[in-house]
**Q** 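Got a structure here, written out as structure tokens. Questions coming.
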Amino acid sequence: MTPRVRFAPSPTGFLHVGGARTALFNWLYARRTGGTFVLRIEDTDAARNTEEAVQVIYDGLRWLGIEWDEGPLVGGDRGPYFQSERNAIYERYFQRLQDGGHLYTEENGATRFRSPRETVVVEDAVCGSVPFDLSDPTTHPDMTIRRPDGSWIFHFVNVVDDIEMGITHVMRGEDHLSNTPKHMELYRALGATPPVWAHIPLILKKDGKGKMSKRDEGSSVASYIADGYAPEGVRNFLCLLGWSPKDNREKIPIEEVIPLFDLDKINRRNAAFDLEKCAWLSGEWFREMPPERHRALAWEALVRAGVDLARFPAEYVQQALDTCQGKLRVLKDLPAYAGFYFRDDYPIDPAAAGKHLTSETKPRLEAVRTALAGLPDWDVTSIETVLKTLATQFGVKLGAFLQPVRVMLTGSTAGPSMYHLVEILGREKVLERLDRSF
RNA sequence: GGCCCCUUCGACUAGUGGUUAGGUCACAGCCCUCUCAAGGCUGUUGCACGGGUUCGAAUCCCGUAGGGGCUGCCA
């Protein structure tokens, strides 16, 4: 039997990194085993089920390159994949429990499942064999499975769906480990075989104090999209939280993770979230990705930041973006880093101006201006040669000589290669910028 | 409080009885360098504690402490 796994998020309008990692681990397992990865939307709480909220889930998963084999938009023969559309199925299972004498109704109309009050042993692929003594009703009250208004509670619909959808392996956050004995009672009462359980460690706040929550920086997948992280880098980082290739590799392509991924290699300890390392990996991926890929992502990031790239020739934009590849960890910094390519009123860093635009450097800048104006061949090599020659003539170290030029041309002391940016900017812009007074 | 899980550098981890306890992020210094990145080199920092078992424990057992999770008519 080929494995069937699932990711079953609730559409809250927010895709948590922890959820994304759960999805990723399930996806990896499906890919490793040739199984099927199902996406199911747990929208029993109709109030917060909005189209946009579901879209956030789709967008987040797709951005991470986690495609589902069955579920919304792609279909499948175990649907529907929204709990809100599965009421008839729940009614049927509810009746079965009712007929089996497992249910009773409270005065207010809520329905509870009568626990058999036995010890349930959860055999978990990650946590091992975990016994739960459910004999005491005061510490383990009977779970409610249906509200007075007829709506369903998570435990019940989750189990019913997993049974109906033929889920063979349930991989989810460890916060569900304590719920699992209850779920096993349901499986038993319904005469169904429980899946293989695999409870994966939680992602904790940076300081390790508590689960990462909505308020914590980096908790939302949307924030990575907005901040312009490399999707491959974030996915790579998520792989490393609770799993490791065990050979000291950090940057590792997903294709190489797939064959190595297995349940018994998953850690048991919760992991604190280190956004710093995530950003580092993002940078690594940007640096080493094909230039076309970087251009596409960088282009997108600039447009998102309001830079009107359409005003420039595609060739120009492309060359400009290429000089930035590998320089930044996160693309939200790109407008500040490369903005000078796309606007003439770029801001001049006051500290840089104070240090480099002085009466001492003025004659050098004039010399540079003159030399560049008369340069026969406008290419990187010629530009480099002439600048180096001038520096020597002035008896100034190259670095000290070039910084004032950089500040004039870009407004900053940090940026892409001087020779390249001069070439790309073009003679006209370069001369105009060098002509400016200070 | 009860139940469950966990415990190697600040963080992520490798390590399953004998290692100078390794790697990565971060941090510091040096080198390289047109700046910034990157790269190279070096360094600081760790087996929670206490008992066992053993010739020998980060590795096995027990206890303690600490952290996390669950304990909803949330998911």
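Numbered from 1 within each chain, the chains take letters A, B, ... in sequence-line order.
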**Q** Should A/Tyr229 and A/Phe237 count as side-chain neighbours, where that means a heavy-atom distance under 4.5 Å?
**A** no

**Q** Where the side chain of A/Glu174 is concerned, which of B/G68, B/U35, B/G15 is the nearest nucleotide?
**A** B/G68

**Q** Rounding to a whole Å, what distance do you find between A/Trp280:CH2 and B/U13:P?
**A** 15 Å

**Q** Base, sugar-phosphate alone, or nothing: which one does A/Arg329 contact when heavy atoms must sit under 4.0 Å apart?
**A**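 Sugar-phosphate contact only - A/Arg329 comes under 4.0 Å of backbone atoms but never of a base.
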
**Q** Expressed as a whole number of Å, how far does the P atom of B/C27 sit from that of B/U7?
**A** 28 Å

**Q** Of all the nucleotides listed (B/C25, B/A75, B/U35), which has the minimum atom distance to the side chain of A/Asn179?
**A**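 Side chain of A/Asn179 sits closest to B/A75.
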
**Q** Base, sugar-phosphate alone, or nothing: which one does A/Ser417 contact when heavy atoms must sit under 4.0 Å apart?
**A** base

**Q** Could you state the atom-to-atom distance from CG of A/Leu281 to P of B/U13 in whole Å?
**A** 13 Å

**Q** Checking contacts here: which listed nucleotide (B/G23, B/G68, B/A26) is nearest the side-chain heavy atoms of A/Glu276?
**A** B/A26

**Q** Picking from B/C12, B/A75, B/A38, which would you name as closest to the side chain of A/Glu284?
**A**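 The closest nucleotide is B/A38.
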
**Q** Given B/U24, B/A75, B/U35, identify the nucleotide with an atom nearest to the side chain of A/Lys327.
**A** B/U35

**Q** Which ones in residues 154-163 of chain A lie close to RNA chain B, meaning a heavy atom under 4.0 Å from one of its atoms?
**A** A/Phe154, A/His155

**Q** Give the nucleotide from the list B/G23, B/A75, B/C34 with an atom nearest to the side chain of A/Thr44.
**A**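 Of the candidates, B/A75 comes closest.
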
**Q** Counting side-chain heavy atoms from C-beta on, which of B/A75, B/C34, B/C5 comes nearest to A/His176?
**A** B/A75

**Q** What about A/Ser178, does its side chain sit under 3.5 Å from the base of B/C3 through a donor-acceptor pair?
**A**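 Absent.
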
**Q** When we call it a touch if two heavy atoms are under 4.0 Å apart, what does A/Pro131 touch: a base, just sugar-phosphate, or nothing?
**A** sugar-phosphate

**Q** Checking side-chain polar atoms at under 3.5 Å, does A/His199 have a donor or acceptor matched by the opposite partner on A/Thr180?
**A**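 Note: A/His199 and A/Thr180 side chains meet the donor-acceptor criterion.
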
**Q** Start at the 5' end of RNA chain B and walk down; is the nucleotide closest to A/Ala414 or to A/Lys206 reached first?
**A**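 Going by which nucleotide is closer to the 5' end, it is A/Lys206.
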
**Q** Return the 5'-most residue of the pair A/Lys388, A/Ser244 with respect to RNA chain B, ranking by each residue's nearest nucleotide.
**A**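 The residue closer to the strand's 5' end, by nearest nucleotide, is A/Ser244.
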
**Q** Looking only at side-chain atoms of A/Arg269, point me to the closest of B/G39, B/U35, B/U7.
**A**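 For A/Arg269, the side-chain atoms sit closest to B/U7.
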
**Q** What nucleotide among B/C12, B/A26, B/G68 has an atom nearest to a side-chain atom of A/Ala271?
**A** B/C12

**Q** If only side-chain N and O atoms count, and only distance matters, is there a donor-acceptor pair under 3.5 Å linking A/Thr381 with A/Tyr419?
**A**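 Distance-only check fails for A/Tyr419 and A/Thr381.
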
**Q** Identify whether the distance between the nearest side-chain nitrogen and carboxylate oxygen of A/Glu70 and A/Arg6 falls below 4.0 Å.
**A**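 Not counted as a salt bridge, because no side-chain N and carboxylate O are separated by less than 4.0 Å.
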
**Q** Starting at atom NZ of A/Lys209, determine the distance to atom P of B/A11, rounded to an integer number of angstrom.
**A** 10 Å

**Q** Whole Å only: how far is the CD atom of A/Gln325 from the C1' atom of B/C36?
**A** 16 Å

**Q** Categorize A/Gly242 for me: base, sugar-phosphate, or nothing, with a 4.0 angstrom heavy-atom threshold over every strand shown.
**A** sugar-phosphate

**Q** When the distance from CG of A/Asn236 to C1' of B/C25 is rounded to whole Å, what number comes out?
**A** 13 Å

**Q** In whole Å, I'd like the distance from the NE2 atom of A/His199 to the P atom of B/A75.
**A** 16 Å

**Q** A/Lys211 has a side chain; which of B/A26, B/C70, B/G2 sits nearest to it?
**A**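 Nearest nucleotide to the side chain: B/C70.
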
**Q** Please name all residues satisfying side chain to side chain contact (heavy atoms under 4.5 Å, CB included) with A/Glu91, sequence neighbours left out, ordered by chain then number.
**A** A/Asn87, A/Arg146, A/Trp152

**Q** Quick one: look up who B/A48 pairs with, Watson-Crick or G-U, both distances under 3.5 Å, and put none if it's unpaired.
**A**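 Its partner is B/U64.
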
**Q** May I ask you to check whether A/Tyr104 and A/Phe113 place their ring centres under 6.0 Å from each other?
**A**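 They do not qualify: ring centres at least 6.0 Å apart.
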
**Q** When the ring planes of A/Phe401 and A/Phe394 are compared, do they come out parallel, tilted or perpendicular, using 30° and 60° as the limits?
**A** tilted

